[in-house]
There are 2 protein chains.
Amino acid sequence: MTATPSPDSRPGSRPEARREPRRATTLAERKRQLVADELTEAALQALAQKGFDAVTVDEIATAAGVSKRTFFRYFASKEDVVVQFLAGMGADIRDALAARPAAERPSQALRHAVWVPLGQCADHGERALRVVRLILRTPALHARFLERQAAWRDDLAAELAHRLGLDAGTELYPRLAAAMALDAFDAVLHRWSADGCAEDPAALTDRAFAVVAPALDARAGRDA
Amino acid sequence: MTATPSPDSRPGSRPEARREPRRATTLAERKRQLVADELTEAALQALAQKGFDAVTVDEIATAAGVSKRTFFRYFASKEDVVVQFLAGMGADIRDALAARPAAERPSQALRHAVWVPLGQCADHGERALRVVRLILRTPALHARFLERQAAWRDDLAAELAHRLGLDAGTELYPRLAAAMALDAFDAVLHRWSADGCAEDPAALTDRAFAVVAPALDARAGRDA
DNA sequence: GCCTTGTATGACACTCAATGCCATGTTGAC
DNA sequence: GTCAACATGGCATTGAGTGTCATACAAGGC
């Protein structure tokens, strides 16, 4: 029981400064990362081309040169291999928010925070676009994506409450503000994937936050 | 192929004025409804008590007096039997919004629309509370719930765009406004299920909409 | 009455996701 | 060299979900 790596260790995500005080990555760790990358690559390739339901885990694993059993040692489910592609985003948004100046208005701080992963997507271009489209088009993936986003929201809400000195247990503002920021995120992602890169993601983000900003910055929402 | 009832016919949902110009329900239809109710009842009972993963579809079907195969003729998946309990809510919200006076501010119209299902939950009391808690506690159910809610949002956005004479294809406001209204819905549901009915749902709804209202009613969001 | 048609069901077989268990191979420390 | 830790593959098993077929039952038509 103790020996199992367990998919919770999330080998697909990058190191991130969590625990482990920056020890040099051992050989075994890099090997694990290599297999994870290989699996992700094979999965995205096959899934994007043939559709989520038309590809079996066995096929993905074989294409990556491992057994089906090994696949499940790296990813908790077939959905995971796709959704984990966006794994670190939640933490990225939260960390970005924490790094913004304390005096900044919530709408500005959240806009910058949410832009971090959106900018990454925009940079990765075609590759990210294919993944996003696959997720939005496949119900099972979309459901898992939304579930993960709900976790982001709770995370963001906690950070926001801390930032503003509010009690997330009684105030509704932190949760709703986090949710609104992610609504903007979703709207941009959706429009971006639909238009096929036609509209500038940064401009889209500005437009989306212009809509939600009045609620984010209204003082009325934070005392009551 | 043509003869299959297919789970898409959603026997669990109430009649609703969709197609079928109000024909008297035939015997077979009521029989179907009876089996669906029996399955739903057996499922909610067992799932709430033993947990989602600890109950097999076979057990649910047997408890309802039918075969596993029949279960899947009524519900598309094990998650469906729970989530469909909240099936008509999306249409309810949309219809309620359509019924509000055209001059009403968006925040007020949406608050009333969202209150419809929330009020139903509050009325059903213990029963609804058990279902909501089960959904929020079970990842697989939560994911499906969020997916369904995304469909509500698109529906609501379309109605809102129509109501305000906006083009949902170019404007971001309809989608974001619908999303914010459902954020408030979620926040209320979450708080209500956590507190164990301690706080009045109606008052909670007012508080939640007080937070998002500035964005819903800001004229800036609707021209750009 | 009988016959036909449509629909609901159950039984069976099958695919595939996901997990547990065990045997084996590889790596690295001592 | 030995030993422990870990990664892997193979195998078996559970359970979700689907296709197929045979049966049963209801509603007409004659």
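Quick note on labels: first sequence line is chain A, next is B, and so on, each numbered from 1.
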**Q.** Interatomic distance where CZ belongs to A:Arg32 and P belongs to C:dT26 [whole Å]
**A.** 18 Å
Q | Nearest listed nucleotide, side chain of A:Lys78, among C:dT9, C:dA18, C:dC21 | A | C:dA18
Q) Taking the side chain of A:Glu79 as its heavy atoms from C-beta onward, which of C:dA18, C:dT27, D:dG10 lies nearest to it? A) C:dA18
**Q.** Gap separating the NE2 atom of A:His190 from the CG atom of A:Asp183, nearest 0.5 angstrom
**A.** 13.0 Å
Q | Pair listing, ring-ring contact (aromatic ring centres under 6.0 Å, His included) test, anchored in residues 122-156 of chain B, at least two apart | A | B:Trp152-B:Phe185
Q | Nearest-nucleotide pick for B:Lys68, side chain only, options being D:dA7, D:dA16, C:dA18 | A | D:dA16
Q. B:Arg144 has an atom CZ; how far is it from atom C1' of D:dG17, in whole Å?
A. 12 Å
Q) Looking at CG of B:Leu189 and CG of B:Leu118, how far apart are the two atoms once the value is rounded to the nearest 0.5 Å? A) 6.5 Å
Q: Look up atom OG1 in B:Thr40 and atom CD in B:Glu38, then write down how far apart they are to the nearest 0.5 Å.
A: 9.5 Å
Q: Please report, rounded to the nearest Å, how far the P atom of C:dT9 is from the CD atom of B:Glu38.
A: 12 Å
(Q) Among residues 50-60 of chain B, which ones have heavy-atom contacts with DNA chain C below 4.0 Å? (A) none
Q: Round to a whole Å and report the spacing from CG of A:Asp80 to C1' of C:dA17.
A: 13 Å
**Q.** 4.5 Å side-chain heavy-atom contact, B:Leu146 and B:Gln149
**A.** yes
Q) C:dT19, D:dT8, C:dC12: which one has an atom nearest the side-chain heavy atoms of A:Thr70? A) D:dT8
(Q) Of the listed nucleotides (D:dT20, C:dT9, D:dA16), which one gets closest to any side-chain atom of B:Tyr74? (A) C:dT9
Q. Is a donor-acceptor contact shorter than 3.5 angstrom present between the side chain of B:Arg69 and the base of D:dG19?
A. yes
Q: Mind calculating the distance between CG (B:Leu47) and C1' (D:dA16) to the nearest angstrom?
A: 14 Å
Q: Rounded to the nearest angstrom, tell me the gap between atom CZ in A:Arg73 and atom C1' in C:dC22.
A: 11 Å
Q: Let me know the distance between CZ of A:Phe72 and P of D:dG15, rounded to the nearest Å.
A: 17 Å
Q. Within this structure, what is the CZ-to-P distance between A:Phe71 and C:dA17, rounded to whole angstrom?
A. 9 Å
Q: Would you check if A:Leu204 and A:Arg207 make a side-chain contact, meaning some heavy-atom pair closer than 4.5 Å?
A: yes
Q: Answer yes or no: is there an ion pair linking A:Glu79 with A:Arg148, defined by an N-O contact shorter than 4.0 Å?
A: no
